[in-house]
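Here is how names work: the chains are called A, B, and so on, in the same order as the sequence lines, proteins then strands, and each is numbered from 1.
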Number of protein chains: 2
Amino acid sequence: MRTKQSGPIGRPRGFDPGEALERAMLVFWEHGYEGASLARLTDAMGISTTSMYAAFGNKEELFRKALERYTEGPSAYLARALEQPTALGVATAILAGTVRTTTRPAHPHGCLGVQGALAASDSGRGVRDLLAAWRNDGCSRVRERFQRAVDDGDLPPDADPGLLARYVTTLAFGITVQAASGVGRDELQEMADAALRNWPLP
Amino acid sequence: MRTKQSGPIGRPRGFDPGEALERAMLVFWEHGYEGASLARLTDAMGISTTSMYAAFGNKEELFRKALERYTEGPSAYLARALEQPTALGVATAILAGTVRTTTRPAHPHGCLGVQGALAASDSGRGVRDLLAAWRNDGCSRVRERFQRAVDDGDLPPDADPGLLARYVTTLAFGITVQAASGVGRDELQEMADAALRNWPLP
DNA sequence: AGATTTCTGTATCGATCGATGCGGAACTCG
DNA sequence: CGAGTTCCGCATCGATCGATACAGAAATCT
């Protein structure tokens, strides 16, 4: 027999916060921060607005947590890509991961970090700036990885890590826009392959 | 002396529709379709909601006309770029025009055709699809131009016009996202130069 | 058991959304 | 001039926005 764990006092939650957050992330991904209404979010999460506010604070806090989940979930390919042994491997993995994630059937097309709030009203400025910082942080991490590649001799000494990182992330962001426009996975992957055929940029 | 033109009967408009549309376009550009409220739009246009509805129909129609104005105004560089004599000239002009237009001081950063409505709620689906078609149309026109370059011998016979067009437009869309994130003009132009240094893609 | 704490469902808040009704103002006609 | 037509300012519409108040339900504590 197992001893009953003494849980926190009071009535326990009637839902799984992780799964509710996953559902919310998908709604934000598909409709954007301002395009996702509380009614639609809570309906997808399977809880009432009261429970949502008690568990996540408010709509903006819910989005911040959904973005964290997105980063560690659908967007985790970035962290894995940065661990590739060569700079070319890093770039290739980033673009392949972007293509795969933004064109998954049965998932929203595009990237939450881009279409979550590229432009917004005043009330969405906080989230818009958060996402801009999220994207710039991604570019910075790639640049630092390429700088390490230069230091290690993997990239030639005259290579510009900042320029290469900007190139790769610009392609990645462009891919997310193309995916949101309905462009197919194979065509984007072919383009990504061609874009890295002259690495590291003459 | 000049004969007085017999204008339309009734009280004449108290505002210039072209300038009002220009103001509306700037608001849509900065805040997106759903992020731009009627109150903010009409305030910027300097007219009342009644006048706006009488002159433009409704919010969605106003956006459609604002997008037309954007296409013939800030985005006119695309049409001019397609008239460049060489495919490389076309690609170079597209990216330079994108960088310039999306990073103009005293103008909204980014591109109306991208951040106008990448993701939206149900009520914004019409505009979202309109913009997706707008972007895909842009890519198609570039592809047709590159096809002509192949036919004319400007591009090698084995060049893939569709892939090249996808490459250039993906870079352009990526640039608009970077610009919306606050990345500076010079850095983006350097990246664009490097991206075309190996034209037409090995 | 009773007391205490926490979660949930309903009902609703004030604000804002896009969109209109209405009466008076401003113009061209005859 | 008066009649006819159009435009504009004000007030307001029903719907929806994000966010809460309140009371009852469900758990752990002593």
Side-chain angles (χ1 to χ4, degrees), chain A residues 3-21 24 27-28 31-66 116-117 119-128, chain B residues 3-21 24 27-28 31-66 116-117 119-128:
Chain A
T3 32
K4 175 84 169 295
Q5 283 238 21
S6 81
I9 65 175
R11 176 175 172 177
R13 262 203 195 101
F15 64 97
D16 175 11
E19 182 162 333
L21 186 57
V27 174
F28 280 131
H31 299 287
Y33 173 67
E34 293 191 309
S37 68
L38 256 309
R40 175 172 233 132
L41 284 164
T42 53
D43 185 65
M45 299 166 84
I47 62 178
S48 67
T49 64
T50 313
S51 300
M52 192 284 286
Y53 276 89
F56 301 100
N58 58 25
K59 190 187 178 186
E60 183 165 338
E61 283 298 315
L62 176 64
F63 183 87
R64 297 183 113 89
K65 282 154 186 160
S121 70
D122 291 332
S123 70
R125 181 165 300 173
V127 169
R128 182 176 65 92
Chain B
T3 32
K4 174 88 169 293
Q5 284 237 21
S6 80
I9 64 177
R11 177 176 171 178
R13 257 200 201 105
F15 63 97
D16 175 12
E19 182 163 332
L21 185 56
V27 174
F28 280 131
H31 299 288
Y33 173 67
E34 293 191 309
S37 69
L38 255 310
R40 189 193 281 273
L41 285 163
T42 53
D43 185 64
M45 299 166 83
I47 62 179
S48 67
T49 65
T50 313
S51 301
M52 192 284 287
Y53 276 90
F56 301 100
N58 57 26
K59 189 187 178 185
E60 184 166 339
E61 283 298 316
L62 177 64
F63 182 86
R64 298 182 113 89
K65 282 153 185 160
S121 70
D122 291 331
S123 70
R125 181 165 299 171
V127 169
R128 182 177 64 92

Got a sec, which residues hit salt bridge (Lys or Arg N to Asp or Glu O under 4.0 Å) with B/E60, two or more places apart in sequence or on another chain?
-> B/R64
Using a cut-off of strictly less than 4.0 Å between a heavy atom of the residue and any atom of DNA chain D, enumerate the qualifying residues of residues 33-49 of chain B by number.
-> B/S48
Separation of C/dG18 P from B/L62 CG (nearest whole Å) = 11 Å
5'-most contact on DNA chain C (nearest-nucleotide basis), B/T50 vs B/K59, goes to B/K59
Sequence neighbours left out, cut at 3.5 Å: what donor-acceptor pairs do the side chains of residues 35-44 of chain B make with other protein atoms?
residue, atom, partner, partner atom, Å
B/S37, OG, B/R40, N, 3.2
B/R40, NH1, B/H31, NE2, 3.3
B/R40, NH2, A/D122, OD1, 2.8
B/R40, NH2, A/D122, OD2, 2.4
B/T42, OG1, B/L38, O, 2.8
B/T42, OG1, B/A39, O, 3.2

Grab the two heavy atoms, one from A/E61 and one from A/F56, that are nearest each other, plus how far apart they are.
-> CB-O, 3.0 Å
How many Å lie between CD on B/E60 and C1' on C/dG18, as a whole number?
-> 12 Å
Do B/K59 and B/F28 meet the cation-pi criteria used here (NZ or CZ under 6.0 Å from the six-membered ring centre, within 45° of the axis)?
-> no
Rounded to the nearest 0.5 Å, how far apart are OH of A/Y33 and OG of A/S123?
-> 6.5 Å
What's the CG-C1' distance between B/D122 and D/dT16, to the nearest Å?
-> 13 Å
Qualifying residues under side-chain hydrogen bond (donor to acceptor under 3.5 Å, both in side chains), relative to B/T50, sequence neighbours excluded | none
Is there a side-chain contact (heavy atoms from CB on, under 4.5 Å) between A/L21 and A/L62 once you walk through the steps?
-> CA-CA 8 Å; A/L21 186 57; A/L62 176 64; 3.9 Å; yes
Using a cut-off of 4.0 Å between protein heavy atoms and nucleotide atoms, how would you tag nucleotides 2-7 of chain D 5' to 3' with B, S and -?
-> ---BBB
Could you check how far OH of A/Y53 sits from P of D/dG18, rounded to whole Å?
-> 7 Å
What residues, two or more places apart in sequence or in another chain, satisfy side-chain hydrogen bond (donor to acceptor under 3.5 Å, both in side chains) together with B/S48?
-> B/S51
